[in-house]
Amino acid sequence: MQTQTDQVKHITNIIKVMNGGIEFYQEAKIKLDTATYQAFFDRMISAKQEAAAELQQFAVQEQGKPETDTSNVVKMRQAYTNLLSKVSSDSTAFTYIDQLEEVEDKVLEELDLALEREQKQECEVTLQRIKVRMKECHDEMKALQKEAA
């Protein structure tokens, strides 16, 4: 068990990835305007909004203000997906689903990086709880990805 520290670390990075994921899912909802994906994407958006909101108190501790930015890595995936869906003969749905699954991987990666660092106990407990929910989101997206392939 980790000891209590005065600081939290890497929280803003997690929020940025989640914010980027929220934007990406919202775009996917518009581009893939079918009932098949709407409820699914809404669940993913809600899970990330709730997690980002829970982490904001720690972002304030980390940097002195709430985190509102998005991850450049997620922005690049989103731009890549937009370009690929315009020039590729592959299914647009598959392209979005494939890239959104990569975003889910990135969320888990960032959570793991934060959990590897010594955190305040309250922050660590919150990160562990969020990781469980984000792992569920990841697993759902992975299943959707396999279904779409």
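We count residues from 1, following the sequence as given. No experiment lies behind these values; they were computed from the predicted model shown.
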So does [X] pair up with [Y], basic N to acidic O under 4.0 Å?
X	Y	value
E136	R133	no
E118	K9	no
E110	K106	yes
R129	E124	no

Given D112, which partner from the list R117, K131, K135 fulfils the salt bridge (Lys or Arg N to Asp or Glu O under 4.0 Å) test?
K131

Does some side-chain heavy atom of [Y] sit less than 4.5 Å from a side-chain heavy atom of [X]?
X	Y	value
Q56	I11	no
Q128	V125	no
K65	V60	no
Q119	F58	no

Should Y96 and K31 be marked as a side-chain contact (heavy atoms from CB on, under 4.5 Å) after you check the CA-CA gap, both sets of side-chain angles, and the distance that decides it?
CA-CA 9 Å; Y96 271 92; K31 299 283 184 174; 3.2 Å; yes

Any donor-acceptor N or O pair under 3.5 Å, side chains E101, H138:
yes

Is the closest side-chain donor-acceptor distance between Q57 and Q61 under 3.5 Å?
no

Going through the distances and angles, do L32 and T92 end up as a side-chain contact (heavy atoms from CB on, under 4.5 Å)?
CA-CA 8 Å; L32 308 177; T92 300; 3.9 Å; yes

Would you say D69's side chain and K16's backbone share a donor-acceptor pair under 3.5 angstrom?
no

Please check if the side chain of E62 supplies one atom and the backbone of T12 the other of a donor-acceptor pair under 3.5 Å.
yes

Taking atom [atom1] of [X] and atom [atom2] of [Y], what is their separation to the nearest 0.5 Å?
X	Y	atom1	atom2	value
Q99	F24	CD	CZ	6.0 Å
L55	L127	CG	CG	6.0 Å
F94	Q145	CZ	CD	6.0 Å
K146	I97	NZ	CD1	14.0 Å
T126	K120	OG1	NZ	11.5 Å
C137	M44	SG	CE	4.5 Å

From the list I130, N19, L113, L111, side-chain contact (heavy atoms from CB on, under 4.5 Å) with I14 holds only for L111

Quick one: do L115 and M18 end up in the same hydrophobic cluster if we chain Ile, Leu, Val, Met, Phe, Trp and Tyr together by side-chain heavy atoms under 4.5 Å apart?
yes

Count I, L, V, M, F, W, Y as connected when their side-chain heavy atoms are under 4.5 Å apart, and connections chain through other members. Are L108 and M141 then in the same cluster?
yes

With side-chain contact (heavy atoms from CB on, under 4.5 Å) as the test, would you mind laying out the steps for K142 and E104 before giving the verdict?
CA-CA 9 Å; K142 191 73 168 170; E104 296 298 331; over 6 Å; no

Using the side-chain contact (heavy atoms from CB on, under 4.5 Å) rule, take D42 and Y25 through it: C-alpha gap first, then chi angles, then the decisive distance, then the call.
CA-CA 8 Å; D42 282 340; Y25 275 107; over 6 Å; no

